[in-house]
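For reference, the structure is listed below as structure tokens.
Remember, it's a predicted structure, so these values are computed and weren't measured experimentally. All chains are named by letter (A, B, ...) in the order of the sequence lines, taking the proteins before the strands, and each is independently numbered beginning at 1. Side-chain atoms are counted along with the backbone in the values below, which use heavy atoms only and exclude waters and symmetry mates.
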Amino acid sequence: MNRFSMADCTTVDAALSQLKDGALVKAGGVDLLDRMKDGIEEPARLVNIRNVAELRGIRESDQGLTIGPLTTLAEISNHPGIRSQYQILSDACGHAATPHIRNMATVGGNLLQRVQCWYYRSSDFQCLRHGKDICFAFDGLNQYHAIMEYSTCPSVAPSSAAVALLGLNAKVELSSAKRGKRMVGVRELYIVPDANPTKFTVIEPDELITAIIVPKPAAGTRSAYQKYGEKESFDWAIADAGVVLEMDGDICRRAVITMGAASPVVRRSPQAEAVLVGKPVNEENARAAGKVAVEGAAPLSMNKYKLDLFPVAVYRTILLAAGQRDRDPSAAG
Amino acid sequence: MTNLPVEDALTAQAAAPAKKTVQMPVGVPGYTLVDEARDVPVSEPPVWPINKDLKYVGQSIERYDGHEKVSGRAKYTSDIQLPGMLYAKFVNASVPHAKVLSIDTTAAEKYPGVRGVHVIQHVLGNAVLRDPSLEQVKYPMVRYAGQPVAAVAATNAAAAEEAAALVKVQYDVNPFVVDPVKARDADSPKVFPGAADEEASAGGGGGPSDVKQTGNIHGPSIHKHGEVEQGFKDADVIVEGHYVTQVQTHSALETHGVVADWKPELLTVWASTQGTAGVREELAGFFKLPLPKVRVITEYMGGGFGAKFGAGNPGVVAAALSRKTGAPVRLMLDREEEHLSVGNRPSSDQTLRIGAKKDGTITAIHLLAFGTAGCGTGAGCSGPAANLYKSVSLHTEESDVFINAGPGAAMRAPGHPQGAFALEQTMDDLAVKLNMEPLDLRDKTDEHPVRRVERQIVRESELWKSRNPVAGADRGPIKRGVGFAQSVWYRFVSMNSNAEVRIHKDGSVEVLSGVQDIGSGIRTVMAQILAEQFGIPPSQISVRVGDTNYTPGPESGGSVTTLSLTPAVRDAAWQASQKFLADIAPALHTTAADLVLVDGEVRSRSGKMEPVPFKRAAAKMTSSQISVQAKRVPDYDRKKYLTYGGVDVAEVEVDTELGRIHVRRVLSVHDCGRPMNPAQTISQINGGIIQGISFTLMENRLLDPVYGIMVNPDLEQYKIIGSREIPEIDVRLVEAYIGQSSTDASGIGEAAGVVSIGAAIANAVYNATGARVRRTPMTPAEVLAALHASAQGKEMA
């Protein structure tokens with residue numbers, strides 16, 4: 001790890017004023033410090049926002065939720081209001097990583113964590129996403145990589161929270177000292193590697209996430225998230241699914257199906273959603289939705305098995321959201 | 001004999017010490033226990049009865065050092081802090097195969113805080129060319145990415161790491177190969193320009209050195225008896241399978257490392273090692289020091305699993321840096337280095353064929369095996385095929401395949417988890433083909449008396465009775481299955497096993513040996529033996545281990561520690577107690593023969609005096625200390641060829657839509673002679689099962705095919721078992737007395753389930769789904785592939 005200086009801030013304004021000269025923001029430090037220890041990030045300055053009290057906490061209102069970005073995954077997953085009305089979010093935060101990490105990791109940091117591709121994470125491989133001109137995954141080991149919506153870099157979206165927040169149509173509030181505030185949708189937060197391989201998100205160096213706004217789901221909404229790994233404890237998703245269903249009696253009025261480990265950036269599956277809308281939710285329809293969720297997929301040399309996994313993740317999570325099935329014992333976390 | 005010169009008479013006497021005949025319990029209580037006669041040296045202590053009739057030995061006594069460990073007071077090597085200690089960091093090769101042209105250490109040496117830089121001239125661990133003249137090099141050839149090249153010592157760890165990055169190594173890069181199948185091709189890049197061999201360590205490993213080498217293929221090593229061709233002709237059925245197992249790294253919690261303190265009078269080394277004696281020997285040999293000038297200490301160590309023998313590169317380099325800088329040097333590997341450079345379980349690629357008669361009689365076993373131990377050797381895996389079943393004929397042919405990867409090392413039952421994975425699945429196939437119960441087939445072909453008892457315990461278990469003999473019978477996507485597999489391990493005895501017992505005048509009793517406690521609990525067992533002998537609670541015994549200043553103990557590899565050392569401990573304790581009674585008898589106005597030590601008291605057999613508490617009796621000693629050293633007496637009946645058994649049953653649920661295997665329950669029935677401390681023995685078996693499941697389902701060292709670099713050198717993407725994957729493990733310990741020593745202990749470290757659990761899981765998966773998974777790790781991708789292949793096979797049929 002390189003040597004660096006660190007500015008400890010306790011207010012948003014102080015933190016924003018420190019965001020200059022290549023300084024990086026440190027919240028829980030879970031992913032950033034990993035990157036520094038792996039030698040793939042060498043910031044000269046860190047701005048520690050861990051103790052900015054105004055950025056931590058959950059506010060519930062008639063409009064929905066306002067979540068401070070420093071709220072930990074554990075706090076979100078244990079919040080009674082989120083557990084009852086935003087199940088997809090408590091599922092995603094409550095099954096990420098390990099209990100220890102969930103106690104340290106912030107939701108803002110979770111959204112901004114970098115991809116887990118082992119080539120990106122290794123200082124031995126300088127890849128596209130470090131500004132070089134090569135991706136090592138295509139000819140290399142790609143069993144955990146993307147099966148769709150990639151062209152230059154097939155790494156996969158690592159954040160479970162993002163899969164859930166996309167399903168809930170959440171927005172992220174970004175603040176800068178010079179330009180004030182702006183709102184960005186979860187999908188728009190991320191830059192696809194084809195557009196700019198080194199930037200990852202639209203957040204500018206002088207910006208902070210200052211809030212996560214989650215609109216209140218319509219009456220009759222049910223939701224769930226599940227992820228699958230090679231291990232049950234402490235593993236990255238090899239398949240996952242977020243499901244939000246607006247129900248009108250037995251009939252699904254509106255559906256949102258989201259996925260993380262299929263593509264470089266979190267995605268919705270309009271095909272799967274279309275299968276459900278206007279129909280009763282049952283195993284047959286859920287399986288049909290799962291099947292089309294991987295339509296158009298193009299697996300790499302080692303990850304064809306994901307074509308089997310995603311349809312199962314989607315159908316089982318639809319049934320979980322609809323209350324027709326218990327949490328899958330095969331799911332991870 | 002009358003005219004023999006004096007020396008010859010002494011020799012004759014030494015060769016045949018006076019013997020007495022004793023009756024010893026042999027067999028399994030409740031099943032096969034009998035008394036057998038043994039001729040033993042007259043100096044041996046009285047025969048112990050079976051465990052239920054002992055007070056401390058054979059009981060689940062609390063771990064002697066449990067509180068030290070859980071409270072963090074126990075000092076591991078990485079906890080050692082010495083005044084002025086420097087921190088060292090390796091510079092490791094960044095390419096998988098190269099000649100080193102130059103190493104420029106100038107910038108590193110000038111870096112603030114740096115006190116010394118060492119360039120490695122002899123790299124340890126790799127196989128060595130039989131003809132070294134084939135390679136004219138200034139520095140050791142780089143044969144894998146991560147091979148240590150140099151090292152830097154600095155006043156703090158950060159400076160050492162930063163300075164190490166400044167060492168400039170210029171490489172002349174050679175073509176390389178990391179795929180063990182491609183490495184077998186004649187036109188593949190060669191890891192060595194000629195034949196090369198790796199020596200075994202005290203833990204085993206290493207391959208044969210009397211075999212030919214063709215390209216990267218080191219071998220074959222062939223073993224046979226009978227005529228297999230005839231055997232297959234005589235067979236009514238033949239089963240065959242191709243099995244592939246991956247490379248697993250040892251991944252002990254504590255990495256390899258040492259703290260070395262070179263002083264003119266003495267080199268003191270704290271080492272995370274399985275053998276203090278071997279570290280000392282290697283350092284003394286390397287630096288040409290007499291043995292008394294090297295002292296090695298291992299107070300506590302955090303796991304080795306076979307990879308921690310000898311000083312190795314960390315030990316030698318730390319000592320060299322300490323000599324150079326005049327300061328103590330700490331060199332602990334990081335997790336990446338641990339994966340890359342200090343050993344691994346070699347892979348295997350096995351084609352196994354078994355022929356049998358309708359009644360189950362095996363007529364032929366044929367094994368063709370390749371495996372890679374990287375730039376080392378030791379991938380042989382024929383042990384189970386050669387030693388588990390009676391076969392009319394046997395032919396095994398195994399070769400090491402060199403690739404540009406870190407050298408293998410002995411790992412918990414070298415070769416056996418791999419071999420059993422193939423053998424026990426093939427036996428399961430054979431049972432299906434013969435329409436026999438898997439246990440009945442083994443009863444027919446396996447002559448081991450203890451495994452027979454173990455199978456009987458399985459047969460009577462609720463878990464086995466719940467097994468549906470029809471494979472793939474469950475409806476629905478999640479299918480349950482139960483599978484069975486057997487293991488074998490061997491009785492090795494380390495005769496370099498000594499112990500000293502001291503009785504102090506204040507009533508303290510102390511036992512000392514150079515042996516190291518690698519976590520399996522020899523400290524506790526030593527305390528139990530003294531407790532049994534002196535009638536004092538084990539917690540009151542002082543146990544000193546892990547220091548070459550004490551009388552030499554065995555190195556802990558091959559499951560030798562308990563069975564080798566405990567007879568020496570007991571003999572020393574017994575002889576010390578006799579010496580003690582003789583010493584105090586006059587003061588008690590009686591004779592030694594009249595005295596006996598029971599329940600912490602010295603008692604008179606004749607009743608001529610009241611019992612005296614041990615402590616008060618000790619005060620009557622005529623000197624301040626009585627000390628006895630004893631060495632291991634050879635096994636009483638060395639004509640017996642002894643192996644250990646052990647069988648495992650796994651219950652799995654297979655989610656056939658996701659290819660996910662969940663191991664729900666394991667029934668593990670194992671023997672280890674006289675279990676000295678059942679709780680500790682069971683703990684070993686729990687560990688073996690857990691490590692075996694991790695090997696079978698998850699762990700995999702992944703090397704990038706284009707660059708030859710490991711992509712998952714951590715414990716995150718190198719997937720290792722976590723708490724949620726650990727099943728309910730029911731261990732049934734079988735006491736199996738063999739009448740071989742004064743403690744009759746045996747070993748368990750390697751027979752502890754790690755051999756057979758993989759095949760038991762695979763057989764359970766077959767029982768659940770009707771599909772065979774013949775590759776490890778059995779990830780969702782592998783399981784789904786096997787399920788698809790099986791479904792396709794059924795459609796075609």
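With respect to chain A, the highest number of heavy-atom pairs below 4.5 Å among B:Glu162, B:Glu161, B:Met698, B:His662 belongs to B:Glu162. The residue among A:Tyr305, A:Tyr228, A:Phe234 with the most heavy atom pairs within less than 4.5 Å of chain B is A:Tyr305.
In this structure, chain A has no heavy atom under 4.5 Å from any part of B:Ala785. Contact annotation for A:Phe310: neither backbone nor side-chain heavy atoms come within less than 4.5 Å of a heavy atom of chain B. For B:Pro477, the part lying under 4.5 angstrom from a heavy atom of chain A is the side chain only. Within the 4.5 angstrom heavy-atom criterion, only side-chain atoms of A:Arg316, from C-beta onward, approach chain B. If you measure heavy-atom distances from A:Asn303 to chain B, you find no contacts under 4.5 Å at all. Contacts of B:Val706 with chain A are made by side-chain atoms alone, with heavy-atom separations under 4.5 Å and no backbone atom involved. When heavy atoms are compared at a cutoff of 4.5 Å, B:Leu697 does not approach chain A at all. Only the backbone of A:Met1 has a heavy atom closer than 4.5 Å to any heavy atom of chain B. Using a 4.5 Å cut-off between heavy atoms, B:Leu784 touches chain A through its side chain atoms alone. Heavy-atom distances place both the backbone and the side chain of A:Gln116 under 4.5 Å from chain B.
Nearest heavy-atom pair across B:Pro780 and A:Glu230 is CD-CG, 3.9 Å. Nearest heavy atom pair, residue A:Ser233 against residue B:Ser723, reads OG-N, 3.7 Å. Contact detail for A:Leu309 and B:Leu658: the closest heavy-atom pair is CD2-O, 3.4 Å. When all heavy atoms of B:Leu703 and A:Leu141 are compared, the pair lying nearest together is O-CD1, 3.5 Å.
Rounding to the nearest 0.5 angstrom, the gap separating the CG atom in A:Asp38 from the CD atom in B:Glu336 is 8.5 Å. Put simply, OG on A:Ser330 and CD1 on B:Ile661 are 11.5 Å apart, with the number rounded to the nearest 0.5 Å. Note that CG of B:Asp714 is 11.5 Å distant from NZ of A:Lys37, once rounded to the nearest 0.5 Å. Once rounded to the nearest 0.5 Å, the distance linking CZ of A:Arg121 with CD of B:Glu716 reads 7.5 Å. Between atom OG1 of residue B:Thr656 and atom CG of residue A:Asp308 there is a gap of 10.5 Å, rounded to the nearest 0.5 Å. A distance of 13.0 Å separates NZ in A:Lys231 from CZ in B:Arg660, rounded to the nearest 0.5 Å.
Put simply, the side chain of B:Asp704 does not reach to within 4.5 Å of the side chain of A:Trp118, judged on heavy atoms. Residues B:Leu702 and A:Gln143 have side chains in contact (heavy-atom distance under 4.5 Å, counting atoms from C-beta outward).
Heavy-atom neighbours of A:Asp139 CG from other residues, nucleotides or ligands within 6.0 Å: at or below the threshold of 12. Counting heavy-atom neighbours within 6.0 Å of A:Glu284 CD, excluding the residue itself, gives a total of 12 or less. Environment of CZ in B:Arg775: sparse, with no more than 12 heavy atoms of neighbouring residues, nucleotides or ligands closer than 6.0 Å. The neighbour count for A:His130 NE2, taken as heavy atoms of other residues, nucleotides or ligands under 6.0 Å away, is above 12.
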For this session: Go through B:Tyr707 and A:Asp124 one step at a time and tell me if the side chain to side chain contact (heavy atoms under 4.5 Å, CB included) criterion holds.
Result: CA-CA 10 Å; B:Tyr707 295 87; A:Asp124 294 326; over 6 Å; no
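For the pair B:Lys719 and A:Tyr144, the cation sits on the ring face: its NZ or CZ lies under 6.0 Å from the ring centre, inside 45° of the axis.
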